[in-house]
There are 2 protein chains.
Amino acid sequence: MIDLERKRELYRLQAELCQTLADPTRLELLELLGEGPRPVKELVRATGQRQAKISQHLAVMRQRGIVVAERVGTEMHYSLADPRILDACHITRQMLIDRLRRQHALAEVVRGE
Amino acid sequence: MIDLERKRELYRLQAELCQTLADPTRLELLELLGEGPRPVKELVRATGQRQAKISQHLAVMRQRGIVVAERVGTEMHYSLADPRILDACHITRQMLIDRLRRQHALAEVVRGE
DNA sequence: TCCGTATATTCGAATCTACGAATGCTATCA
DNA sequence: TGATAGCATTCGTAGATTCGAATATACGGA
């Protein structure tokens with residue numbers, strides 16, 4: 001690779017992005033936002049978490065450019081900055097589901113012996 | 001969703017997987033392993049990092065089932081447990097590259113004024 | 001069996017992260 | 001101009017993470 005520094009910098013940014021995805025609440029929020037823009041109130045309701053917590057997580061994702069916010073009257077509407085983030089999430093999720101299935105199948109075999 | 005608990009547990013596991021990806025060295029290792037199984041020595045050489053550091057990161061990924069290790073004579077050969085992990089990485093990376101490009105284009109416009 | 005190469009583990013310090021609690025800000029409406 | 005609803009921010013703390021340094025383990029060859 002010609003520019004090693006640039007490559008390393010990209011890995012650093014990518015790690016930062018992954019770090020932002022590394023929280024169950026944030027993953028749930030992203031899924032919710034996948035269905036379209038949503039006010040904070042609705043996200044709080046759907047997740048059942050405290051308002052401050054949701055707001056903190058939204059702030060993290062906003063700072064990292066994963067979601068964008070827009071004021072609509074008295075509400076703040078959040079949406080995905082780039083829907084491709086969901087593609088990545090769905091791949092990792094499918095990997096997990098497949099792994100769980102394999103483990104389950106293995107457990108069946110062991111149980112049957 | 002019928003089983004909210006199961007959904008939450010999946011988000012937890014998914015967050016754990018993302019957490020494992022949230023390190024530049026580990027991302028670099030995954031890319032290297034994408035080209036095929038590699039001995040630790042080679043990974044140390046390619047990254048230019050200390051051996052202990054590489055071994056620690058490999059241990060983390062091994063424990064989380066992202067890579068698998070096999071002894072070959074005196075060496076340990078590591079490989080990807082599921083190549084789909086690279087698909088997810090490439091999506092996030094492409095998102096970053098596109099974002100950087102947009103920022104660059106915007107900088108050009110500003111500079112030209 | 002002793003040695004060297006290859007790899008793994010342990011430990012401690014520095015740094016980061018998520019959460020609850022409390023508080024602040026802003027727009028609408030009476 | 002309060003008052004209220006909706007949301008953001010700050011702060012303190014418990015727990016997690018990363019790294020280097022040191023040390024341990026495993027295997028093949030002499």
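A note on names: the letters A, B, ... follow the listed sequences, proteins ahead of strands, and every chain is numbered from 1.
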Between N or O atoms, less than 3.5 Å apart, protein on one side and nucleotides 23-30 of chain C on the other: list the pairs.
none

Quiz prompt | Proximity to the side chain of M76(A) - top-ranked nucleotide from dC7(D), dA22(C), dT7(C) | solution = dC7(D)
Self-check item: Proximity to the side chain of P39(A) - top-ranked nucleotide from dC7(D), dG20(D), dT9(D)
Solution: dC7(D)
Exercise. Inspect the surroundings of CZ in R84(B) and state if more than 12 heavy atoms from other residues, nucleotides or ligands are less than 6.0 Å away.
Key: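 Counting neighbours around CZ of R84(B), more than 12 heavy atoms of other residues, nucleotides or ligands fall under 6.0 Å, so yes.
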Self-check item: Shortest non-hydrogen contact from A46(B) toward R8(A)
Solution: O-NH2, 4.3 Å
Could you tell me how far apart [X] ([atom1]) and [N] ([atom2]) are, to the nearest whole angstrom?
{"X": "Q49(B)", "N": "dA6(C)", "atom1": "CD", "atom2": "P", "value": "19 Å"}
{"X": "R50(B)", "N": "dA6(C)", "atom1": "CZ", "atom2": "P", "value": "18 Å"}
{"X": "Q56(B)", "N": "dG12(C)", "atom1": "CD", "atom2": "P", "value": "15 Å"}
{"X": "E16(A)", "N": "dT17(D)", "atom1": "CD", "atom2": "C1'", "value": "16 Å"}
{"X": "K41(A)", "N": "dT4(D)", "atom1": "NZ", "atom2": "C1'", "value": "13 Å"}
{"X": "R12(B)", "N": "dA18(C)", "atom1": "CZ", "atom2": "P", "value": "15 Å"}
{"X": "L29(B)", "N": "dT7(C)", "atom1": "CG", "atom2": "P", "value": "13 Å"}
{"X": "K53(B)", "N": "dT17(D)", "atom1": "NZ", "atom2": "P", "value": "17 Å"}

Exercise. Measure the CD1-CD distance between I54(A) and Q49(A) for me, rounded to the nearest 0.5 Å.
Key: 5.5 Å
Quiz item: Once you round to the nearest 0.5 Å, how far does CG of L32(B) lie from CG of L27(B)?
Solution: 11.0 Å
Quiz item: Counting distance only, does the side-chain N/O of Q14(B) pair as donor-acceptor with the main-chain N or O of C89(A) below 3.5 Å?
Solution: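 It does hold such a pair.
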Using only side-chain N and O atoms of [X], determine if any of them is under 4.0 Å from OP1 or OP2 of [N].
{"X": "Y78(A)", "N": "dA8(D)", "result": "yes"}
{"X": "R62(B)", "N": "dT9(C)", "result": "yes"}
{"X": "H57(B)", "N": "dT17(D)", "result": "no"}

Self-check item: Stepwise salt bridge (Lys or Arg N to Asp or Glu O under 4.0 Å) check, R6(B) with E9(B)
Solution: CA-CA 5 Å; R6(B) 213 172 284 278; E9(B) 173 68 6; over 6 Å; no
Practice problem: Tell me which of T25(A) and E75(B) sits closer to the 5' end of DNA chain C, going by the nucleotide each one is nearest to. | Solution: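 Result: E75(B).
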Quiz item: Among side-chain atoms of E42(B) and H77(B), is any donor-acceptor pair under 3.5 angstrom?
Solution: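 Side chains of E42(B) and H77(B): no pair found under 3.5 Å.
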